[in-house]
Amino acid sequence: MASRQASCCGRAPGCLWLLGLFLLMDASARPANHSSAREKTGHREENEILPPDHLNGVKLEMDGHLNKDFHQEVFLGKDAGDFEDDAEPRKSRRKLMLIFSRVDVDTDRKVSAKELQRWIMAKTAEHFQEAVQESRAHFRAVDPDGDGRVSWDEYKVKFLASKGHDEREVAEKIKRHAELKVDEETQEVLENLKDRWYQADNPPSDLLLTEDEFLSFLHPEHSRGMLKFMVKEIVRDLDQDGDKQLSLPEFISLPVGTVENQRGQDMDDSWVRDRRKEFEELIDADHDGIVTMAELEDYMDPMNEYNALNEAKQMIAIADENQNQHLEPEEVLKYSEFFTGSKLMDYARNVHEEF
């Protein structure tokens, strides 16, 4: 389920779901998101081999819900950790202005959409490289014999071990084809993972994944075929009438029974408004009220240069107070919470000193 945040800015026509970055809602008032904080910053425990629900630099979570941290991820890249809530504000301002200077290629103290587009593409590539490194580490963890191929059974053992089952006992039962007693939710997850495993297994299919195939399994954004498969999974999860495309009501539908109080209801109402705008203004390319798999795939493709340019324009619209279609240092600092997740005070007084 998606974690959701309240919108804090209604001034710019380009404000989409992104504006929910400003105010975090209480976890008890929203549906649970299976993504953990360390996944969102690209760090995971070494012994954790489950495929991430959250993919850095990709617009939707793997369950089809909006990635609320997308803009911070493609603006900050590996520097996201420098803007934690407890970071020293003066250092954070300087770091933000250093990033600004790197985006500002022509050094005119203004960031254009083209400059920001190039930066977004570079940060996306950075996330890709982190995913490759993560996948290599996980591949070694699930390839105990080091033969360069991982079987579904080898992965299944590690998966169930990470869920608290005894690894030796599971391995023995799988070897003897004995029944594995797992709860219904875990069984459903296993079935979905096996579908993804089959999809990542390039012909000729042998249910053995190489390191490259394992990367596609773990990070489907790296593979056109797996990206298509992820889109199919998202449509399957959200498609209520079985027509293999998404209407607006299907896309904005909320989980039943997850709102426990009025504050939660207000947050849900805000989330629906943001999701509606995302559907109507960005994903539904031909504005016919229906999102096809092709439209969703184009929208989710992290290396789509047109999408990167569109995202750059949307990001500029958030903070472009003088309406010159550029970002300037004062604007970036004033809207620092949108770009970094941290509110940096005294932006006007400090901009000239720190730029």
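- F251 carries R275 over the face of its six-membered ring, with the cationic atom under 6.0 Å from the centre and within 45° of the normal.
- Contact between G57 and P302 at its shortest, heavy atoms only, is O-CB, 3.7 Å.
- The environment of R168 atom CZ is sparse: at most 12 non-hydrogen atoms of other residues, nucleotides or ligands sit within 6.0 angstrom.
- Considering every non-hydrogen atom in both G225 and Q199, the closest pair reads O-NE2, 3.9 Å.
- No continuous path of ILVMFWY side-chain contacts below 4.5 Å connects M226 to F139, so the two sit in separate hydrophobic clusters.
- Put simply, the side chain of E154 gets close to the backbone of S151: a donor and an acceptor are under 3.5 Å apart.
- Residues L208 and V150 are not in side-chain contact: their nearest non-hydrogen atoms beyond the backbone lie 4.5 Å or more apart.
- In summary, R224 and D301 engage in a salt bridge, as defined by a charged side-chain N under 4.0 Å from a carboxylate O.
- For CD of E184, the number of neighbouring non-hydrogen atoms (other residues, nucleotides, ligands) closer than 6.0 Å is 12 at most.
- Under the 4.5 angstrom side-chain criterion for Ile, Leu, Val, Met, Phe, Trp and Tyr, the cluster partners of F128 are M121, M303.
- By the 4.0 Å N-to-carboxylate-O rule, K334 lies close enough to E321 to be salt-bridged with it.
- We find the CG-CE distance between D104 and M97 to be 10.5 Å, quoted to the nearest 0.5 Å.
- More than 12 heavy atoms of other shown residues, nucleotides or ligands fall within 6.0 angstrom of atom CD in E172.
- Using a 4.0 Å cut-off between charged nitrogen and carboxylate oxygen, R109 and E328 do not count as a salt-bridge pair.
- Using a 4.5 Å cut-off on side-chain heavy atoms (C-beta onward), S135 and H138 make no contact.
- Rounding to the nearest 0.5 angstrom, the gap separating the NE2 atom in H326 from the CG atom in D320 is 9.0 Å.
- A salt bridge links K173 to E169: at least one charged side-chain nitrogen sits closer than 4.0 Å to a carboxylate oxygen.
- The aromatic rings of W197 and F214 stand perpendicular to each other, their planes meeting at an angle above 60°, with 30° marking the opposite boundary.
- In summary, K110 and E115 do not engage in a salt bridge, as defined by a charged side-chain N under 4.0 Å from a carboxylate O.
- From E331, atom CD reaches atom CG of N322 across 4.5 Å, with rounding to the nearest 0.5 Å.
- Annotation: side chain of H219 is not in contact with side chain of V58 (no heavy-atom distance under 4.5 Å).
- Panel note: side chain H71, backbone F339; no donor-acceptor pair is recorded below 3.5 Å.
- Formation of a donor-acceptor pair under 3.5 Å by the N307 side chain with backbone atoms of D298 is found in this model.
- Note that CG of L218 and CD of E221 are 8.5 Å apart. Values are rounded to the nearest 0.5 Å.
- Counted within 6.0 Å of CD on Q187, heavy atoms from surrounding residues, nucleotides or ligands total more than 12; the atom is thus considered enclosed.
- Remark: side-chain polar atoms of E297 are not paired, donor with acceptor, to backbone N or O of V231 under 3.5 angstrom.
- When hydrophobic clusters are built by joining Ile, Leu, Val, Met, Phe, Trp and Tyr residues whose side-chain heavy atoms come closer than 4.5 Å, directly or via intermediates, V170 is grouped together with V142.
- Classification of E311 and K59 as a salt-bridged pair holds, one side-chain N sitting under 4.0 Å from a carboxylate O.
- Judged purely by atom type and a 3.5 angstrom limit, D201 uses its side chain to pair as donor or acceptor with the backbone of D206.
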| Hey, mind stepping through F229 and R196 against side chain to side chain contact (heavy atoms under 4.5 Å, CB included) and telling me if it holds? | CA-CA 8 Å; F229 182 71; R196 196 189 307 177; 3.8 Å; yes
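- Counting only heavy atoms from C-beta outward, the side chains of L96 and S336 approach each other to under 4.5 Å.
- No side-chain heavy atom of L282 sits less than 4.5 Å from a side-chain heavy atom of K277.
- At a threshold of 4.5 Å between side-chain heavy atoms, the hydrophobic network of Ile, Leu, Val, Met, Phe, Trp and Tyr places V132 and L55 in two separate groups.
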| request: Just do the side chain to side chain contact (heavy atoms under 4.5 Å, CB included) check on H127 and E130 with the steps written out, would you? | output: CA-CA 5 Å; H127 287 306; E130 288 180 351; 3.7 Å; yes
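- For A113 against A312, the heavy-atom pair with the smallest separation is O-CB, 3.5 Å.
- The nearest pair of heavy atoms linking L246 to L238 is CD2-CB, 3.7 Å.
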| message | Let's go through Q117 and E305 carefully: what are the C-alpha distance in whole Å and the side-chain angles of both, what is the deciding distance for side chain to side chain contact (heavy atoms under 4.5 Å, CB included) to 0.1 Å, and is it a yes or a no? | response | CA-CA 8 Å; Q117 177 199 29; E305 293 188 7; 4.0 Å; yes
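- A salt bridge is defined here as a Lys NZ or Arg NE, NH1 or NH2 lying under 4.0 Å from an Asp or Glu carboxylate O, and E211 with R136 meets this definition.
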| field | Step-by-step side chain to side chain donor-acceptor pair (under 3.5 Å) determination, N192 to E233 | value | CA-CA 9 Å; N192 290 335; E233 284 189 313; 5.9 Å; no
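- When side chains are defined from C-beta on, M315 counts as touching F75, because their heavy atoms get closer than 4.5 Å.
- Within the model, atoms CD of Q245 and OG1 of T292 stand 7.0 Å from one another, a figure rounded to the nearest 0.5 Å.
- Ion pairing of E213 with R149 is absent here, as no side-chain N (NZ or NE/NH1/NH2) approaches a carboxylate O to less than 4.0 Å.
- Between D147 and D143 the shortest heavy-atom distance is OD1-OD1, 3.0 Å.
- The shortest non-hydrogen separation linking F159 to T186 is CE2-CG2, 3.9 Å.
- When the side chains of ILVMFWY residues are joined at heavy-atom separations under 4.5 Å, either directly or via intervening members, M300 and I290 end up in two distinct hydrophobic clusters.
- The shortest distance between side-chain heavy atoms of L193 and Y155 falls below 4.5 Å.
- Both V189 and L207 are part of a single hydrophobic cluster, where members link through side-chain heavy atoms under 4.5 Å apart.
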| request: Would you check, one step at a time, whether the test side chain to side chain contact (heavy atoms under 4.5 Å, CB included) holds for W119 with I99? | output: CA-CA 10 Å; W119 181 260; I99 292 173; 3.7 Å; yes
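- Taking CZ from F279 and CG from D284, the interatomic distance works out to 5.0 Å, rounded to the nearest 0.5 Å.
- Between K228 and M293 there is no side-chain heavy-atom pair separated by less than 4.5 Å.
- A donor-acceptor contact shorter than 3.5 Å links the side chain of D239 to the backbone of K244.
- A salt bridge links K123 to E126: one of the charged nitrogens lies within less than 4.0 Å of a carboxylate oxygen.
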